[in-house]
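What follows is one structure encoded as C-alpha cells, with my remarks underneath.
Heads up: numbering here begins at 1 and tracks the sequence.
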Amino acid sequence: MKDLQYITKFGDSTSFLNKETIIYFLELLNEELIKKNVSGEISMVGGAVMCLCFGARVSTRDIDAIFEPKMIIYDCVKNIAMKCGLPEDWLNDGVKGFLSRDATFKVYREMSNLRIFVASPEYMLAMKCLSSRLDNLDELEDIKFLVKYLELTSLEQVIEIITKYYPIRMFLPKVQYTIMEILESYE
C-alpha cells in the first residue's frame, strides 16, 4: 500500500478523488472488510465511474454508490475517513433516491472481500439527465461525454435510452433543450 501521507495531502480541493485514489480507498475498504471477515458489494455511479471507466474527468469529490452490507460498509468508510483525513461521506449512498429498478451495472473489479460494480454508460446518461444539475459544469460535461461516447445523434435516441430506466415525465424540459444543444454542437 502507498504511504498514507501521500494520499492524505488533498489541500482545500473539493474534488480530490482521482482514479488512483479511488482505487486506493476501495482497496482500503476491502482490507477493512477482511478484518471484519465480511464480504461486500458496491455499485458505483456518478463522477467516480466517469473517472474510473471513461477517463472523462480527472477527479470527483465523492463516490456515489449503493452497497451491502450497508451498516458494516459505513463503519469501514468511517474508519478509513478517520485514518486518512477524509470527509466521512467520501463513499455514500445519497444517490439511492435516483436509482431505477431497471439499473444496469457490470463488474469492474473483484477483490478478496469486495465486488465492485459500475453503472453502464446508458444508465449513467439516464441518471445524469434525471438529476438535472445542468448548472454544474462537471454534470454537463458528463452528459456531453456520454452522448458522444454512445454515438447518439438525435434527441429520440437519447430519450429511448432514458425511458429504458425512467418514465419520461420525470425529466424537466430544460434537459431536452440541453441535449438538443449538445447534439447541435456535434454536427
- Task: List the steps, then state whether side-chain contact (heavy atoms from CB on, under 4.5 Å) holds for Phe117 with Ile42.
- Result: CA-CA 6 Å; Phe117 298 87; Ile42 178 172; over 6 Å; no
- Query: So which pairs with a foot in residues 91-114 pass ring-ring contact (aromatic ring centres under 6.0 Å, His included), sequence neighbours left out?
  - Reply: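 Sorted result for residues 91-114: Phe105-Tyr123.
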For the student: nearest non-hydrogen atoms of [X] and [Y], plus distance:
X	Y	result
Pro87	Ala81	O-CB, 3.8 Å
Ser154	Leu183	C-CD1, 3.3 Å
Ile73	Gly40	CD1-CA, 4.4 Å

- Message: My understanding is that only residues two or more places apart in sequence, or in another chain, count here; which of them pass salt bridge (charged side-chain N to carboxylate O under 4.0 Å, His left out) with Arg109?
- Response: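 Arg109 satisfies salt bridge (charged side-chain N to carboxylate O under 4.0 Å, His left out) with Glu27 once adjacent residues are dropped.
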Indicate yes or no: at least one non-hydrogen side-chain atom of [X] is less than 4.5 angstrom from one of [Y].
X	Y	value
Cys84	Phe25	yes
Thr178	Ile143	no
Val49	Met124	yes
Leu130	Met170	yes
Glu31	Met111	no

- Message: Name the residue from Asn79, Asp93, Asp89 that meets the side chain to side chain contact (heavy atoms under 4.5 Å, CB included) definition with Tyr74.
- Response: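 Option passing the side chain to side chain contact (heavy atoms under 4.5 Å, CB included) with Tyr74: Asp93.
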- Query: Any side-chain donor paired with an acceptor under 3.5 Å for Thr153 and Gln157?
  - Reply: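 The criterion, which ignores hydrogens and geometry beyond distance, is satisfied for Gln157 and Thr153.
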Do [X] and [Y] belong to the same hydrophobic cluster, where Ile, Leu, Val, Met, Phe, Trp and Tyr are linked whenever their side-chain heavy atoms lie under 4.5 Å apart, directly or via other members?
X	Y	value
Phe54	Val107	yes
Leu155	Leu146	yes
Met127	Ile168	yes
Leu152	Met180	yes
Val118	Tyr149	yes

Spatial distance of atom [atom1] ([X]) from atom [atom2] ([Y]) [nearest 0.5 Å]:
X	Y	atom1	atom2	result
Glu156	Ile159	CD	CD1	6.5 Å
Leu33	Ser39	CG	OG	7.5 Å
Lys164	Ser120	NZ	OG	7.0 Å
Glu41	Glu110	CD	CD	8.5 Å
Phe67	Ile116	CZ	CD1	13.0 Å
Ile72	Cys76	CD1	SG	7.5 Å

- Item | side-chain hydrogen bond (donor to acceptor under 3.5 Å, both in side chains) partners for Lys106, two or more places apart |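 Listed in chain order: nothing, the list is empty.
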- Message: Checking Lys36 now: which residues fulfil side-chain hydrogen bond (donor to acceptor under 3.5 Å, both in side chains) with it, not counting sequence neighbours?
- Response: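 side-chain hydrogen bond (donor to acceptor under 3.5 Å, both in side chains) check on Lys36 returns Asp75.
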[X] side chain to [Y] main-chain N or O, any donor-acceptor pair under 3.5 Å?
X	Y	result
Asn113	Val38	yes
Asp62	Leu91	no
Ser100	Tyr165	yes

- Item | For Ile22, side chain to side chain contact (heavy atoms under 4.5 Å, CB included) partners two or more places apart |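 Ile22 satisfies side chain to side chain contact (heavy atoms under 4.5 Å, CB included) with Leu17, Leu26, Ala48, Cys51, Leu52, Thr60, Ile63 once adjacent residues are dropped.
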- Message: Going by the rule ring pair (Phe, Tyr, Trp, His ring centres under 6.0 Å), which residues pair with Tyr177 if we only count those two or more places apart in sequence or in a different chain?
- Response: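 In terms of ring pair (Phe, Tyr, Trp, His ring centres under 6.0 Å), with neighbours along the sequence ignored, Tyr177 is linked to no residue.
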- Check the pair Glu32, Lys83 against salt bridge (charged side-chain N to carboxylate O under 4.0 Å, His left out), reporting the backbone distance first and the verdict last. CA-CA 12 Å; Glu32 290 285 324; Lys83 289 177 191 173; 2.7 Å; yes
- Query: Counting heavy atoms not belonging to Glu141, are there more than 12 under 6.0 Å from its CD?
  - Reply: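 Yes, because the 6.0 Å sphere around CD of Glu141 holds more than 12 heavy atoms from other groups.
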- Would you find more than 12 non-hydrogen atoms of other residues, nucleotides or ligands less than 6.0 Å from Asp102 atom CG?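 Buried by this count: over 12 neighbours within 6.0 Å.
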- Would you please classify the geometry between the Phe171 ring and the Tyr166 ring as parallel, tilted or perpendicular, with 30° and 60° separating the classes?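 Answer is perpendicular, since the angle exceeds 60°.
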- Partner of Lys128 by salt bridge (charged side-chain N to carboxylate O under 4.0 Å, His left out), out of Asp142, Asp64, Asp138: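 Result for salt bridge (charged side-chain N to carboxylate O under 4.0 Å, His left out) with Lys128: Asp142.
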- Please walk me through it: do Ile182 and Leu140 pass side-chain contact (heavy atoms from CB on, under 4.5 Å)? CA-CA 9 Å; Ile182 290 169; Leu140 186 57; 4.2 Å; yes
- Short N-O contact, Lys144 and Glu139, less than 4.0 angstrom: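 No.
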